[in-house]
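Read the structure below first, then the notes.
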Amino acid sequence: MTVSVTGATGFIGRRLVQRLHADNHRVHVLTRSRSKAELIFPVKNFPGIVIAEEPEWKDCIHGSNGVVNLAGLPISTRWSSEIKREIKESRIRVTSKIVDLINDAPDTVRPTVLVSATAVGYYGSSETQVFDEQSPSGNDYLAEVCREWEATALRVNKDVRLALIRIGVVLGKDGGALAKMIPLFMMFAGGPLGSGKQWFSWIHLDDIVNLIYEALSNPSYKGVINGTAPNPVRLTEMCEQLGSVMGRPSWLPVPDIALKAVLGEGASVVLEGQRVLPARAKELGFPFKYPYVKDALKAIIS
C-alpha cells in the first residue's frame, strides 16, 4: 500500500511509520516541519519515505491507498485558554484539510480508506458508567473536541471507508502519559493519583499501532472503534502494578496537586477517568497482544 500519515512524528505516528516501512509499504509523512520529520525518519534508516510539507500534501494524498490522520497538539499538557483553543483547532484544521484533499481527488487517485484518530474523551468522565461505541457523548470540553473532530472526519466522501479510532491512554516507553507518571512515581514512591477510584482506559502502544494497521487493510473495520485494551483498571490498580514492576512501594498517594503541576488541567483526563470497553474490536476478532495492564507495564519497563 501507499499510506499518507499526519501526526507521523508523534508518539503513535512514529511507531506506525516504522511498522509500515518495515512491511515494505510506501509511506508519505505529511508534516508541518520537514526538519523535525527528517530527524525522526533519517534517509539512511528509512529509504524511500516521502516527507511532505503542506503544499505537497495534495500530491501525496492523491494516489495513496490509505490515509491515517493522527495530528493534534498533545492534551497531557498545561491547559490555558490559548492551549485549549489550539488543542481543538490543531485537530479540526488538519482533519478538515485532509478530508477536503481526499474529496477533491479524482476518483482514479482517491484513497479508499481514512483512519482518523479521536479519543475516549468523547464519552466524558464517570466512575460508575461503562462506555462502548454505542454510548452517547459527554458534556465536557474534551467531549466537545472529540465530537467536532469526528464530525469533520465524517464529511469524507461516502465511497471512502472511514474508521474512527477513539484512543485511550497509550502506554509506551518514550512518550505519552506513562513518561510523565514514572518520574512522579520515583519521587513519591508512586501511589494512586487523586482518589484512585477513577477508571483508567489504557492501551499498549503496540496494540494501538496494530489496530490502526489492521483498520487500513481490513474492510470490516469501519465506523467508530474504541482503541482501548479489554481490561480497563482503576487507577489504584494501575499504580500498584506500575509500582510492583518498578520495584517501588505504592502506598503513598501522589497528590492531585503534583499531577496538576505536571499535566495542568490536562490532568483531568487521568484524574476523572472513564471505563471504556473495545466492544467493536472484540467483535472484529482483533488480537490484543497486551489485554492486561500488568503484562503491558512489564513489557514497557523491562
Side-chain angles (χ1 to χ4, degrees), residues 12 69-70 72 74-76 87-88 91 95 115-154 162-171 176-178 181 192-205 207-212 214-215 220-239 241 259 263 265-293 296:
I12 300 172
N69 176 35
L70 298 169
I75 56 170
S76 57
I87 282 174
K88 188 190 223 171
R91 285 163 173 73
T95 306
V115 181
S116 202
T118 157
V120 294
Y122 175 90
Y123 302 110
S125 53
S126 170
E127 273 184 20
T128 53
Q129 275 171 285
V130 181
F131 301 104
D132 66 15
E133 289 85 352
Q134 306 301 315
S135 305
S137 184
N139 51 20
D140 56 13
Y141 160 73
L142 282 178
E144 177 193 316
V145 170
C146 292
R147 280 196 305 275
E148 289 188 33
W149 194 7
E150 292 183 17
T152 309
L154 283 161
L162 173 65
L164 288 165
I165 315 279
R166 288 184 187 147
I167 302 175
V169 181
V170 180
L171 303 182
L178 205 57
M181 285 163 76
L193 309 171
S195 75
K197 291 195 189 75
Q198 320 83 315
W199 283 97
F200 189 74
S201 294
W202 61 278
I203 187 166
H204 188 287
L205 180 59
D207 278 330
I208 192 65
V209 166
N210 291 343
L211 185 69
I212 292 166
E214 190 64 24
S220 311
Y221 283 63
K222 51 176 186 275
V224 173
I225 301 169
N226 286 335
T228 56
N231 300 291
V233 289
R234 291 193 189 269
L235 216 39
T236 317
E237 187 188 334
M238 158 74 189
C239 293
Q241 298 287 7
L259 197 68
L263 299 184
E265 204 185 332
S268 64
V269 190
V270 175
L271 284 175
E272 289 163 19
Q274 66 274 90
R275 186 182 183 187
V276 179
L277 300 179
R280 192 74 192 97
K282 293 189 92 170
E283 245 167 57
L284 288 161
F286 176 77
F288 285 93
K289 193 169 157 193
Y290 299 103
Y292 296 101
V293 78

Taking the side chain as every heavy atom from C-beta outward, state whether [X] and [Y] have any pair of such atoms under 4.5 Å apart.
| X | Y | value |
| --- | --- | --- |
| E150 | Y122 | yes |
| F286 | N210 | yes |
| L211 | I167 | no |

Working to the nearest 0.5 angstrom, can you tell me the gap between [X] [atom1] and [Y] [atom2]?
| X | Y | atom1 | atom2 | result |
| --- | --- | --- | --- | --- |
| L142 | K88 | CG | NZ | 10.5 Å |
| L164 | T118 | CG | OG1 | 6.5 Å |
| E214 | D207 | CD | CG | 12.0 Å |
| L70 | T95 | CG | OG1 | 10.0 Å |
| I225 | I212 | CD1 | CD1 | 10.5 Å |
| S126 | Q274 | OG | CD | 9.0 Å |

Work out which heavy atom in [X] is nearest to a heavy atom in [Y]; give both atom names and the distance.
| X | Y | result |
| --- | --- | --- |
| A163 | Y221 | CB-O, 3.8 Å |
| N69 | W149 | ND2-NE1, 4.4 Å |
| A119 | C146 | O-SG, 3.6 Å |
| I12 | V209 | O-CG2, 4.0 Å |

task = Using a strict 4.0 Å threshold on nitrogen-to-oxygen distance, state whether R166 and E133 make a salt bridge.
result =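 Salt bridge absent between R166 and E133.
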request  = Would you mind checking if R280 and E283 are paired as a salt bridge, meaning a charged N to carboxylate O distance below 4.0 Å?
outcome  =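 A salt bridge is present here (some side-chain N lies under 4.0 Å from a carboxylate O).
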Please confirm whether the backbone N or O of [Y] pairs with a side-chain atom of [X], one donor and one acceptor, at under 3.5 Å?
| X | Y | answer |
| --- | --- | --- |
| N226 | L277 | yes |
| D140 | G124 | no |
| T228 | I203 | no |
| N231 | P291 | yes |
| W199 | E127 | yes |
| S201 | V276 | yes |

ask   = Please walk me through it: do F131 and V120 pass side-chain contact (heavy atoms from CB on, under 4.5 Å)?
value = CA-CA 9 Å; F131 301 104; V120 294; over 6 Å; no
